[in-house]
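Comments concern the structure below.
Being a predicted model, the structure only gives us computed values, none of them experimental. Start at 1 with the first residue, then count along the sequence.
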Amino acid sequence: MPPRKDRMQWEFESYERGSDDDNLITMAVRTFYTKYEDAVGVVFEMYAGAVYKHPRSVLGFCVLYNCLFGLGFLRFSSETDMEKLFTPKNNEALTNTKKINEIFQNKSRNNFYPKVITNLNKHAYGGLIVRSKGNSSLLRIECLNELKRIDEIIRYEVQIVNDSGSNLHYEDVCVRKEGRCVVSGDFVLTKIFTMLMKTRHIPYPYFVGRSLSGMFGNVGVVDGRLVSASMLRMMYHLRQDTDEDKQRSLAWETSYVNKLKHLQTNITHIAFRSSASVTKEIGKSIFEERKFILTIVFMLAYAAFAISGGNCVSGRHTLAIAGVMSSCLAVLGSFGAVSGTGVKFISICGVIPFLIIGIGLDDMFILMACMVDTPKTVPVRDRVKKMMRTGGVAITMTSLTDFSVFMVGSTSVFSSVQYFCIYTGVAVLFCYLNQLLFVVPCIIINERRTYEWRHCITCQETRSYKQLRDTDHTVLLSLCCGGEPPKSLSDSESPLDRYPKRLAQKGISYTPVKVGSVLLYIGYLGMAIYGAMNVCQNFSVSYLVPEDSYVHQYLSWLEKDFPNEVVVSFVIDGELDYSHYAIQQKVAAMLKRARKEPFIQRKREINWLLGYKLSPYYNSSNDFIEGLKAFLKSRKDYEIDVVFDETGHKIKSSRFYVISKDIRDSKMTKSLLTCMRTIAKESGLPVIAHAPIFIIGEQLMAIGSSTLQTMLIAMVATLVITAVAMPHPLIIAIVCISMVSILTGMYGFMYMWGLSLSSITMVQLIMSIGFSVDFCAKICHAYISAVGSNRTELVASAISRAGGAIISAAVSSIIGVVMLAFTSSYVLKSFFKIMVLMMVFGLLHALLFLPVVLLTFGPRPRTSGKTEDIEPSNTVSTITLYEGREQAGPLNNVFSVGRTRSSAPQPVGNQGTHL
């Protein structure tokens with residue numbers, strides 16, 4: 001123990017140094033990490049040495065295997081069924097739908113009622129919404145006359161040709177009731193409605209036993225009378241009894257859509273759809289060739305700018321082409337490989353090419369940054385080995401994290417998430433392989449060209465600008481053709497590499513910047529938590545179709561201007577004696593309990609048993625069944641709700657209905673689903689509660705837990721890979737906290753940007769897990785492998801090594817998806833928003849928040865390192881390899897003429913030095 005007078009100084013120095021135990025632990029961890037990284041780095045050095053010998057052969061092999069895998073496109077197939085893609089696999093709603101359809105016979109040929117529809121996505125129909133121009137009322141004679149004209153066109157001018165060559169109209173394919181076609185909403189064309197409209201005596205919401213609330217939009221009601229309505233909804237239902245009926249209905253739907261696309265109206269607007277419209281619109285790939293070509297052009301321009309700098313010899317512009325070509329080949333090979341295995345392609349996969357180009361350029365920037373950071377005084381072979389020793393580990397780590405996240409996502413209960421993650425995961429794998437087999441050979445070839453003093457575009461031998469001017473060449477020719485190999489790091493840096501990272505380096509050293517960074521992070525975290533607490537779950541079919549689609553207009557009008565009253569059926573599947581008072585009481589209690597719920601209409605139910613009991617046919621004695629059969633013959637609307645067994649003396653199945661109020665959002669949908677199923681379960685009867693909207697409700701019920709579970713597993717997988725790549729406890733903890741912070745920000749700011757949680761954004765959140773780690777992991781890797789005397793020097797060195805590549809990667813990724821912001825697709829726009837949030841937050845964490853953390857809590861520095869970590873020399877030696885392949889200096893200069901050829905200038909640098 002030191003003397004008392006030196007106690008404070010000793011304690012201060014001990015605090016600065018850390019305790020002996022801390023130092024021992026730090027040294028042990030540092031030593032282990034160094035040995036581990038050396039062992040991993042040797043593998044990449046060996047690979048670099050092998051590729052160096054035959055770079056062109058490796059390039060050819062890369063192109064060949066990508067093209068061969070691309071042949072898998074011959075087995076290409078797609079999936080467009082909305083239910084299969086965007087609802088959980090084997091969910092209860094779809095199972096119930098199938099079971100109910102098996103129990104109750106399809107009577108659409110002679111006794112159809114809309115209440116029996118179990119699945120609107122499978123029911124064949126032509127939907128029509130008519131809106132008056134200027135949102136004036138449709139309840140005018142001139143509007144009704146135009147409605148009649150549109151109805152006649154649909155009934156008589158929409159036609160198909162059958163196998164015998166005859167023309168079929170709507171009357172030949174429609175569902176029927178009492179011998180007439182059933183068209184929901186056609187009562188407005190009747191004489192009694194016209195007469196009551198003129199006198200303004202149309203009762204609302206019920207008219208002659210029909211509910212008007214679901215048929216009219218933007219209504220005006222006075223004293224229970226309908227006085228105005230600017231919109232009308234009609235549905236032309238189609239038969240599906242047999243396979244032939246289904247084929248005819250599908251053909252009629254196609255003709256219906258084609259006809260209405262060209263229909264001209266005078267005083268009304270129309271929106272329309274068929275039952276197959278959404279599936280067909282989903283089937284249209286959201287991949288747009290024009291936008292993809294523009295993206296490639298933008299990426300080439302940006303990559304060329306990002307790696308610009310130097311002169312006509314040291315320039316690296318052609319490597320931008322290599323980076324983009326590598327990514328395009330990865331898309332070709334991966335899509336072919338996945339398609340060849342039979343995995344279905346879905347429309348959302350159209351965003352993958354935009355994503356992969358950004359990823360490919362990110363990895364290329366890392367490799368090139370590592371190449372620039374190598375000493376300029378050693379042979380290309382050694383520089384390439386050094387590049388792969390650091391860059392190879394970095395891109396392997398980030399690629400493995402991305403790949404593992406997508407493989408975890410491929411286990412999702414949503415087929416859309418599963419297919420997207422499989423395609424994207426394999427594309428990431430191919431992109432990584434192409435970095436090793438395509439980009440690395442291109443870098444080798446480019447570096448050879450540089451040290452042979454060849455022009456970066458023409459590959460012709462040349463001289464420096466000064467040498468060309470000394471030999472009487474013009475200024476223009478000297479500028480366009482003169483150049484020399486880089487002598488220092490600054491000779492190879494582009495403005496994008498140089499200035500932003502220098503600004504970050506200088507800024508982070510000032511106390512006000514550190515304080516501002518902390519305050520900014522607190523504000524960011526507060527807003528993120530607020531948004532995360534308010535983000536909601538929501539899914540709309542309109543999300544799946546482009547905004548310029550005819551279907552989108554129909555769905556938008558339907559969602560905004562019409563109440564969504566849902567018919568909920570309670571299906572009793574089992575033989576019960578309905579003549580018993582106890583059974584009747586249970587049924588009545590179940591329906592009464594359902595009608596007491598706040599989102600169920602209290603005075604509306606469809607109950608065949610109650611109707612029978614109130615009829616003169618009711619007999620509670622042994623003639624209960626005979627009386628019921630007589631009653632059902634007089635009430636065809638109840639006949640379809642009762643199924644007798646083979647003997648005809650027992651009721652095998654039956655169903656009852658309640659009607660909901662306006663179900664406007666996902667919260668009400670989930671409440672309706674859970675409440676109705678709970679009532680059915682607790683009724684004491686073998687009951688199934690079902691409604692068509694429950695199919696959407698299944699997604700809303702599963703999306704939250706599925707997203708959380710998948711993200712947690714993916715985060716664990718990511719941290720395991722990070723731990724393997726950088727086995728330093730403190731660094732792993734910092735990366736973990738950064739990842740959670742970025743994901744919290746993204747989830748919270750979804751609310752700020754108008755996004756909700758659905759199976760669409762679930763895909764994007766899962767994708768974000770791997771990318772959220774990348775930038776922070778690169779800074780941490782650069783920090784832990786740097787040499788310095790204190791944390792400030794380590795952070796400065798980390799930003800110097802990785803900052804430029806991170807900035808270029810973030811900007812290139814945003815450019816890669818910026819064209820998606822100008823599309824009419826919700827899927828593409830949400831993908832763009834998520835990518836922008838991910839890149840911005842990743843950049844802020846890597847270059848602003850994380851450096852402050854490392855300055856305060858980062859691992860203690862090592863005081864010595866290998867010679868390869870020393871700053872490169874500012875001179876370029878003449879390099880002569882024993883193979884005679886590389887020389888620094890003018891080689892048979894094509895610009896040397898006459899007397900200047902014999903007196904060519906000597907090479908720059910330490911002449912005659914061999915390395």
List the steps and the verdict of side chain to side chain contact (heavy atoms under 4.5 Å, CB included) for Met835 and Leu355.
CA-CA 9 Å; Met835 281 293 293; Leu355 175 65; 3.9 Å; yes
Starting from the C-alpha separation in whole Å, work towards a yes-or-no answer on side chain to side chain contact (heavy atoms under 4.5 Å, CB included) for Leu755 and Ile834.
CA-CA 9 Å; Leu755 297 176; Ile834 293 292; 4.0 Å; yes
Take Ser399 and Cys431 through the side chain to side chain contact (heavy atoms under 4.5 Å, CB included) test and state the conclusion after the steps.
CA-CA 9 Å; Ser399 297; Cys431 186; over 6 Å; no
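Contact between Leu59 and Pro441 at its shortest, heavy atoms only, is CG-CB, 3.8 Å. Taking every heavy atom of both residues into account, Ala330 and Ala427 meet most closely at CB-O, 4.3 Å. Between Ile444 and Ala48 the shortest heavy-atom distance is CD1-O, 4.5 Å. Considering all non-hydrogen atoms of both residues, Thr792 and Leu855 come closest at CA-CD2, 3.6 Å. Minimum interatomic distance between Val763 and Phe420 (heavy atoms only, all atoms of both residues): CG1-CD2, 2.9 Å. Contact detail for Met750 and Ser756: the closest heavy-atom pair is CE-O, 3.7 Å.
Note on ring orientation: taking the six-membered ring where Trp is involved, the planes of Phe849 and Tyr524 are tilted (angle from 30° to 60°). Classified by interplanar angle (parallel below 30°, tilted 30° to 60°, perpendicular above 60°), the ring pair Phe430/Tyr65 is tilted.
A donor-acceptor contact closer than 3.5 angstrom is absent between the side chains of Asn434 and Ser327. There is a side-chain donor-acceptor pair under 3.5 Å between Ser830 and Gln764.
Using a 4.5 Å heavy-atom cutoff, the side chains of Met752 and Tyr530 are in contact. Inter-residue side-chain proximity for Tyr783 and Arg791 is flagged as met; some heavy-atom pair is nearer than 4.5 Å. Counting heavy atoms from C-beta outward, Phe414 and Ile703 have side chains that approach closer than 4.5 Å.
Ring centroid separation for the pair Tyr432 and Phe403 does not come in under the 6.0 Å cut-off.
Under the ring-ring contact (aromatic ring centres under 6.0 Å, His included) criterion, Phe406 pairs with no residue, sequence neighbours left out.
In this structure, the side chain of Ser412 does not engage the main chain of Gly409 through any donor-acceptor pair within 3.5 Å.
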Side chains of residues 737-747: which donor-acceptor pairs under 3.5 Å do they make with residues two or more places apart or in other chains?
residue: Ser738; atom: OG; partner: Ile734; partner atom: O; Å: 2.9
residue: Ser741; atom: OG; partner: Tyr521; partner atom: OH; Å: 2.9
residue: Ser741; atom: OG; partner: His845; partner atom: NE2; Å: 2.8
residue: Thr744; atom: OG1; partner: Val740; partner atom: O; Å: 2.7

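By the neighbour-count criterion of 12 heavy atoms within 6.0 Å, atom CE of Met407 is densely surrounded, having more than that number from other residues, nucleotides or ligands.
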